[in-house]
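Lettering of chains follows the sequences in order, A, B, ..., and the numbering in each one begins at 1. Computed over heavy atoms, backbone and side chain alike; hydrogens, waters and symmetry mates excluded.
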2 protein chains.
Amino acid sequence: MQYAPDTATPEPAPEARSLRGRSAAFVAERIRERILSGQLPPGERLSERSLTEGLGVTRTPLREAFKILEAEGLLAIVPNRGAQVVELSPADVDMAMELLAGLESVAAELACARGTDEQFAKVAGLHARMVACQRAGDLVGYFRVNQDIHQHIVDCAHNPALSRVYRTESARVRLYRFAGNRVSARWSRAVSEHEQILLALQQRQGPLLRELLRAHHLNGWRVTRKVLENELQPDL
Amino acid sequence: MQYAPDTATPEPAPEARSLRGRSAAFVAERIRERILSGQLPPGERLSERSLTEGLGVTRTPLREAFKILEAEGLLAIVPNRGAQVVELSPADVDMAMELLAGLESVAAELACARGTDEQFAKVAGLHARMVACQRAGDLVGYFRVNQDIHQHIVDCAHNPALSRVYRTESARVRLYRFAGNRVSARWSRAVSEHEQILLALQQRQGPLLRELLRAHHLNGWRVTRKVLENELQPDL
DNA sequence: GCGACACATATTGCATGCAATCAGCGGCGG
DNA sequence: CCGCCGCTGATTGCATGCAATATGTGTCGC
């Protein structure tokens with residue numbers, strides 16, 4: 001017969017035991033998810049109390065997580081006034097988009113030079129899924145797969161530093177870009193642009209791919225900016 | 001006659017009073033300086049005890065600073081084993097240099113399109129200082145001004161996000177690049193390359209500037225890599 | 001009625017204390 | 001002699017407590 005240990009095991013959570021030394025990273029990941037999903041909107045003030053209660057950790061690792069997210073550009077910490085989700089002006093997003101376009105254009109030539117056919121096939125598979133999402137009218141799925149495709153193209157460059165920077169900088173503006181995808185007229189054109197991009201990638205035409213990505217970014221961002229500036233109403 | 005305030009001001013340190021809410025950032029800056037100067041070499045383990053004693057803060061803000069520096073890629077925190085200065089393999093530096101070259105090439109065209117003549121004049125001034133350092137045999141000064149020049153060219157693009165990423169990623173590999181500058185034969189060629197770069201910038205020849213920067217990076221990194229791989233002995 | 005001040009409460013920043021883990025070392029068995 | 005085990009001191013991870021600052025509210029003067 002088996003006996004339970006004398007001391008009633010508190011067992012706060014199944015993963016909590018192994019969380020030692022990782023709780024700040026764990027908490028940061030949770031908060032990052034909430035920011036990127038829009039659950040914590042830009043400008044939202046983050047109370048230490050409610051977050052510690054919600055996440056089951058104390059203030060020390062939470063505050064460490066704040067510092068991580070601040071370094072990533074997702075939070076702004078104001079002394080004595082706590083942390084809040086960074087709010088980006090249209091100009092900020094503009095600069096970020098320019099940076100992302102630049103990173104992709106750098107990645108384009110590297111990807112054509114070094115990407116494997118298997119990686120390209122994976123991008124093609126994602127493209128098919130994206131088209132399926134479009135047909136199903138699944139905006140959220142479409143957007144997510146779209147982001148995945150761009151990240152995968154960058155990953156094809158086989159440069160971890162480039163992939164990391166692209167991922168981080170892309171995350172900073174994810175919410176803002178999402179707005180632009182809420183215009184149905186953009187969808188079909190974006191898909192056809194993606195088809196050209198995929199073709200250029202598979203045929204390893206670096207300079208062409210670079211230009212296609214640049215144009216794709218420009219087109220997408222033009223629409224998004226209009227939405228952000230309330231000049232165009234989303235119809236989805 | 002002037003009287004001192006009744007309450008004897010404790011005044012633990014001139015900056016300590018205003019340090020509340022900023023001590024983690026302050027500590028991070030100090031440690032960053034030590035890493036970038038080589039005072040804390042790659043692989044060095046950072047003891048919380050000695051750093052708290054040396055910096056006059058307690059462990060809580062120090063550990064927050066560790067998280068910031070980890071997010072910047074300067075430290076690696078191993079659970080239960082503390083923080084150590086990141087060690088980059090030649091491959092890591094290779095990837096980072098490719099990224100930096102890409103960022104500069106993106107910045108090049110933007111700088112030619114948007115940089116002000118005043119900014120270009122400042123770059124020219126830095127170039128003159130660099131030449132002076134070269135003539136004086138001031139390796140450290142030369143290297144620092146050299147880095148400044150590249151950062152300023154990137155800043156000419158008037159894209160804060162681009163400047164920030166370039167600065168951070170450049171810092172990560174600063175120590176490793178320094179090794180390559182310890183070969184005297186590289187100096188004169190680097191200076192002449194810089195002169196061409198400056199000219200292209202002032203004449204706003206974007207595509208040319210992009211190619212010059214790419215070639216400059218490639219040349220510099222080729223020498224540096226040889227030094228790092230011990231195929232070439234520094235002669236300075 | 002309106003604004004300014006003062007007090008009370010809440011929240012943040014940091015110091016400290018305790019538990020868990022690691023590193024070094026000596027004893028023991030093989 | 002070598003390797004394994006357990007012990008001890010040191011170090012890290014996190015919880016908590018205290019001081020400083022911000023925030024909300026009521027009161028007073030105008």
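Atom pair A:L62:CG and C:dT12:C1' shows a separation of 12 Å (rounding to whole Å applied). Between B:K67 atom NZ and C:dG13 atom C1' the separation is 18 Å, expressed in whole Å. For the pair B:L51 CG and D:dA10 P, the computed distance is 19 Å after rounding to whole Å. Residue B:R63 contributes atom CZ, which lies 17 Å from atom P of C:dG13 at whole-angstrom precision. A:R22 places its CZ atom 16 Å from the P atom of D:dT12, with the value rounded to the nearest Å. One can place CD of B:Q84 at 11 Å from P of C:dA23, the figure rounded to the nearest angstrom.
Counting all heavy atoms, side chain and backbone alike, B:G43 lies closest to B:E87 at N-CG, 3.4 Å.
Among the protein residues, A:L46 comes within range of the sugar-phosphate backbone only, with heavy atoms under 4.0 Å from sugar or phosphate atoms but none that close to a base.
Of the listed residues (A:L74, A:L175, A:L88), just one forms a side chain to side chain contact (heavy atoms under 4.5 Å, CB included) with A:P42, and that residue is A:L175. Checked options A:R177, A:R225, A:R222; the residue passing with A:D94 is A:R225 (criterion: salt bridge (charged side-chain N to carboxylate O under 4.0 Å, His left out)).
Aromatic ring pairs are classed by plane angle as parallel below 30°, tilted from 30° to 60° and perpendicular above 60°; the pair A:H150 and A:H216 is parallel.
Judged by distance alone with a 3.5 Å cut-off, a donor-acceptor contact links the side chain of A:R20 to the base of D:dT12. One N or O donor and one acceptor, one from the side chain of A:R59 and one from the base of C:dG13, sit under 3.5 Å apart.
Regarding contacts with the backbone of C:dT16, every side-chain N or O of B:T60 stays at 4.0 angstrom or more from both OP1 and OP2.
Between A:P79 and A:E64, the residue whose closest nucleotide on DNA chain D is further toward the 5' end is A:E64. If you find the closest nucleotide of DNA chain C to B:S23 and to B:R81, the one lying nearer the 5' end belongs to B:S23.
Side-chain contact between A:R186 and A:N219 is present, with heavy atoms from C-beta onward closer than 4.5 Å.
Between the side chain of A:T52 and the main chain of A:R49, a donor-acceptor pair closer than 3.5 Å is present.
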Inset, instruction - Would you sort out whether B:Y166 and B:Q151 count as a side chain to side chain donor-acceptor pair (under 3.5 Å), showing the intermediate values? - result: CA-CA 7 Å; B:Y166 183 82; B:Q151 180 72 51; over 6 Å; no
Would you tabulate the nitrogen or oxygen pairs shorter than 3.5 Å linking the protein to nucleotides 5-11 of chain C?
residue, atom, partner, partner atom, Å
C:dT11, OP2, A:R49, NE, 3.4

